Amino acid sequence: MITYKQIKNNEAVNVYIEEANRSLAALGYTEHSYAHVTKVATWAGEILEKLGFDERTVELAKIAGYMHDIGNVINRVDHSQSGALMAFRILDNLGMPSAEISRIISAIGNHDEGTGKPVNEISAALIIADKSDVRRSRVRNDDHSTFDIHDRVNYSVYSTDLKLDREEKKLTLCLEVDTAYGSVMDFFEIFHGRMIMCKNAAETLGLSFGITINGQAMM
């Protein structure tokens, strides 16, 4: 069986991650390199593991999380679909069974907020993990005076955590925000659609979704 560790050590996958991140840097996007994809892989796996999914499903979620943004090497537009096709080729060449490939590429192809839907449990976990990765270290711009709203919001978040309450069946994104750089309204201005996507993904997993900012419930 193809493992998450094998994919993390796969030369082609890592080249695509690096080049995709370089392309997005040229376009002014926040960090999309190893820090992001590793965090997404980890969170996606942890969500399903805590919900009691089998070990193989957890492993597939990690693989999907690690590979989910490779399509950015082609173009930001439709990168989820491009990435799904690229992942299919890589995983097929590695000999992964079609039943497993299909779950991974469905998740990758549906993670973007423009067209994506939580079509299966792996997709739902990937969406939540990806959209929840808001943090200061994703900002590339060193000049605070030229921050756009995306820079301000990401830079303002100095702590991010996903908390799952199995008894209450609730998943909460907990943010600690320095409002000197970005306001709560700024966050919802650019992330409202993503948070609704997380809400729908959580419901696919039988959970409700909430957000706390500086300890205050916002959603």
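Source: prediction; values computed, not measured. Start at 1 with the first residue, then count along the sequence.
Note on R22 versus E19: salt bridge recorded, some NZ/NE/NH1/NH2 to OD/OE distance being below 4.0 Å. Look at R152 and D186 and you find a salt bridge, because one of the NZ, NE, NH1 or NH2 atoms lies within 4.0 Å of a carboxylate O, short of that distance. Ion pairing between R140 and E31 fails under the 4.0 Å rule for side-chain N and carboxylate O. Taking the charged nitrogens against the carboxylate oxygens, K199 and E203 do have a contact shorter than 4.0 Å, which makes a salt bridge.
Contact of the D148 side chain with the H150 side chain is registered, since non-hydrogen atoms from C-beta on lie closer than 4.5 Å. You'll find the side chain of T212 stays beyond 4.5 Å of the side chain of M218, heavy atoms only. When side chains are defined from C-beta on, I128 counts as touching L205, because their heavy atoms get closer than 4.5 Å. V157 places none of its side-chain heavy atoms less than 4.5 Å from the side chain of E176. Between K131 and F191, the closest side-chain pair of non-hydrogen atoms is not below 4.5 Å. The shortest side-chain heavy-atom distance between I211 and F188 falls under the 4.5 Å cut-off. Side chains of K170 and F209 form no contact here, defined as non-hydrogen atoms less than 4.5 Å apart.
When every heavy atom of K62 is checked against every heavy atom of G45, the shortest pair comes out as CG-CA, 4.0 Å. The two atoms that bring I127 and K117 nearest to each other are CD1-C, 3.9 Å, heavy atoms only. Looking at every heavy atom in both residues, Y155 comes nearest to R136 through O-NE, 2.6 Å. When all heavy atoms are compared, the tightest approach of S82 to I74 is CB-CD1, 3.8 Å.
Within the model, atoms CE of M86 and CG of L91 stand 11.5 Å from one another, a figure rounded to the nearest 0.5 Å. Atom OG1 of T160 sits about 5.0 Å away from atom CG of L175, to the nearest 0.5 Å. A distance of 9.5 Å separates NZ in K8 from CD1 in I17, rounded to the nearest 0.5 Å. To the nearest 0.5 Å, atom CE of residue M96 and atom OG1 of residue T3 are 8.5 Å apart. One distance of note links OG1 of T179 with CZ of F187; it measures 14.5 Å at 0.5 Å rounding. The distance from atom CD1 of I105 to atom CE of M67, rounded to the nearest 0.5 Å, is 10.5 Å.
There is a side-chain donor-acceptor pair under 3.5 Å between D133 and H36. Checked by atom type, the side-chain pair T146/N141 shows a donor-acceptor distance below 3.5 Å. Under 3.5 Å, the side chains of H79 and H32 contain no donor-acceptor pair of N or O atoms. Remark: the Y16 side chain and the N10 side chain contain no N/O donor-acceptor pair separated by less than 3.5 Å. Using modelled atom types, one finds a donor on one side chain and an acceptor on the other under 3.5 Å when comparing R103 with T57.
Residue-environment remark: CD (E168) stays at or below the threshold of 12 foreign heavy atoms within 6.0 Å. Under a cut-off of 6.0 angstrom, the local environment of NE2 in H192 is sparse, with at most 12 non-hydrogen atoms contributed by other residues, nucleotides or ligands.
Judged by distance alone, the side chain of N72 and the main-chain N or O of D69 form a donor-acceptor pair under 3.5 Å.
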